[in-house]
Amino acid sequence: MPDGTLTVAVIGLGTMGPGIIATLARGGMPVRAHDLSPAAVERARAAVPQAAAVLDRLGVAPPTTGEGAVSFHDDLAGAVAGAGLVIENVPEKVEVKAAVYRALDPLLPAGTIVASDTSGIPITTLQGFLSHPERLVGMHWSNPPHIIPMIEVIAGEKTAPATVAFITDLVRSLKLLPVVVKKDVPGFVENRILYALLREAIDLVDQGVIDEEGLDTCVSWGIGYKLSVVGPMRLLDMAGLDIYQSVAGFLNADLSARRDVAGYVTERTRAGKLGIKSGEGIFPYTPDQIAALQAERARRLVAVRRILEGRDG
Ligand SMILES: NC(=O)C1=CN([C@@H]2O[C@H](COP(=O)(O)OP(=O)(O)OC[C@H]3O[C@@H](n4cnc5c(N)ncnc54)[C@H](O)[C@@H]3O)[C@@H](O)[C@H]2O)C=CC1
Ligand SMILES: Cc1ncc(C(=O)O)c(C(=O)O)c1O
């Protein structure tokens with residue numbers, strides 16, 4: 001059972017690392033952070049306190065023992081020394097994660113749990129790279145991880161039930177919402193749903209049915225707004241299953257079923273247009289616009305979460 005004395009190592013400090021570190025430290029845990037890239041470490045040193053400031057606005061208080069200390073380590077061995085939990089947050093490429101697990105394997109103290117924040121690589125695949133696969137579990141946070149309260153917990157074929165319980169207890173101790181995924185399918189649950197939506201969204205823009213601005217307005221103020229209050233299963237009940245039966249009867253066959261990644265995305269990634277991390281993706285961004293977009297996203301998510309939790313409004 002995790003408690004405030006659990007030390008956590010976070011490996012990979014890109015988009016996800018800093019918010020995860022701030023959340024764990026606010027929960028009272030000492031956090032030891034490591035990234036191969038000195039530039040990523042420097043960005044994380046600035047981003048962790050920014051995420052902590054958002055936790056203040058969310059009203060997340062540390063335990064009576066106080067906030068955990070955050071330390072940065074140049075080497076993997078230094079980062080995992082004394083850790084009871086290692087959270088792996090490196091890029092979504094099997095070969096990159098495999099190299100990290102092979103390097104971690106001889107360094108792990110007996111009993112240390114390893115959690116992967118993979119977006120959808122089956123945990124069973126990753127278990128092949130560790131000599132104690134029973135201690136590896138999926139812990140899939142959502143971006144921005146210090147604000148989105150739901151965390152998927154995924155067992156691979158060899159994950160011990162005690163490992164799943166350790167992570168679900170930890171998530172609950174942070175007053176967040178663990179969702180245990182019952183089968184280790186690619187993409188788990190959240191990203192199977194998100195990527196079904198994204199495939200259709202990209203296809204609609206690519207076909208000229210709607211432009212990018214219109215697509216974002218339609219989804220954010222239509223289904224996005226609604227789904228934050230009523231999940232898909234209850235939404236079906238409120239719309240009427242007979243309506244779904246009729247519409248799905250002609251619509252499902254017309255929806256995008258493409259199996260590859262659309263050229264709309266591939267052409268941009270090949271050109272280095274990766275989104276805010278490279279200054280341009282679907283839209284171009286100046287540094288000021290990136291800062292404003294991130295601040296506005298945090299402001300709105302905090303406001304909505306407080307209302308949905310019944311704390312404001
Ligand atoms: N970006 C997102 O919205 C989300 C991403 N994820 C998942 O979380 C993981 C990390 O994603 P991001 O933070 O977006 O990636 P990122 O590319 O922003 O950051 C990854 C970091 O890992 C570092 N790294 C690479 N190899 C390393 C190694 N051998 N040792 C230590 N550090 C190393 C890189 O220097 C980089 O700073 C991925 O598996 C991703 O699929 C999960 C939820 C949301
Ligand atoms: C595009 C995209 N892909 C993966 C994820 C994830 O949850 O792993 C996210 C996210 O928002 O968290 C995402 O936006």
Side-chain angles (χ1 to χ4, degrees), residues 9-23 32-48 51 72-80 86-105 107 114-123 125-126 129 136-154 179 181 186-202 216 219-220 224 227-228 261-262 264-265 268-269 272 274-278 281-282 290 293-294 297-298 301:
V10 174
I11 311 303
L13 309 177
T15 303
M16 296 298 286
I20 293 174
I21 291 169
T23 304
R32 304 172 70 83
H34 167 69
D35 197 293
L36 275 185
S37 153
V41 173
E42 283 320 299
R43 283 193 297 271
R45 282 184 193 275
V48 170
F72 292 86
H73 302 266
D74 292 339
D75 62 323
L76 188 64
V80 303
V86 177
I87 300 182
E88 170 273 305
N89 252 307
V90 301
E92 189 76 349
K93 292 193 166 67
V94 173
E95 65 278 14
V96 176
K97 292 191 187 288
V100 170
Y101 289 129
R102 289 193 183 109
L104 268 177
D105 207 33
L107 302 173
V114 181
S116 176
D117 185 27
T118 172
S119 293
I121 299 169
I123 302 308
T125 303
L126 300 177
F129 310 117
L136 178 68
V137 63
M139 183 186 197
H140 177 229
W141 303 63
S142 210
N143 185 29
H146 51 296
I147 307 181
I148 308 296
M150 190 284 304
I151 298 179
E152 287 180 294
V153 183
I154 313 102
V179 169
V181 177
F188 318 129
V189 172
E190 189 182 33
N191 277 331
R192 290 183 80 93
I193 292 172
L194 176 63
Y195 278 70
L197 184 150
L198 292 177
R199 176 169 64 179
E200 187 61 31
I202 291 163
D216 275 1
V219 174
S220 291
L227 286 174
S228 66
V261 180
Y264 181 90
V265 171
R268 286 173 170 80
T269 52
L274 306 182
I276 62 167
K277 68 173 89 169
S278 67
I282 292 167
I290 292 170
L293 186 64
Q294 287 177 321
R297 178 181 66 172
L301 284 174

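Counting starts at 1 for both ligands and their atoms, in listed order.
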- Run the contact test for P91 against ligand 1 with a 4.0 Å cut-off on heavy atoms, strictly below, and give the result.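 P91 counts as a contact of ligand 1 under the 4.0 Å cut-off.
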- Task: Check whether any heavy atom of H140 sits under 4.0 Å from an atom of ligand 1.
- Result: yes
- Task: Show which atoms of ligand 2 fall inside a sub-4.0 Å distance from at least one heavy-atom site of N143.
- Result: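 Those qualifying, in numeric order: 10 (C), 11 (O), 12 (O).
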- Item | Shortest protein heavy-atom distance from atom 39 (O) of ligand 1, along with the residue and atom involved |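 Minimum-distance protein heavy atom for atom 39 (O) of ligand 1 reads E92 OE1, 2.5 Å.
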- Within 45° of the six-membered ring axis of Y195 and under 6.0 Å from that ring's centre, is NZ or CZ of R199 located there? no
- Query: Mind checking whether L194 has a heavy atom under 4.0 Å from ligand 2?
  - Reply: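 Yes, L194 has heavy atoms under 4.0 Å from ligand 2.
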- With a 4.0 Å cut-off on heavy atoms, is E92 touching ligand 2? no
Contact (N/O only, under 3.5 Å) between [X] and ligand 1:
X	result
A40	no
V96	no
D117	yes
D35	yes

- If you measure from each non-hydrogen atom of S119 to ligand 1, which part falls under 4.0 Å: side chain, backbone, both or neither? both
- Query: Side chain, backbone, both or neither: which part of T15 comes within less than 4.0 Å of ligand 1 when only heavy atoms are counted?
  - Reply: both
Under 4.0 Å to a heavy atom of [X] - the qualifying atoms of ligand 1, by number:
X	value
S37	35 (O)
K97	38 (C), 39 (O)
L36	26 (N), 27 (C), 28 (C), 29 (N), 30 (N), 31 (C), 32 (N)
T118	39 (O)

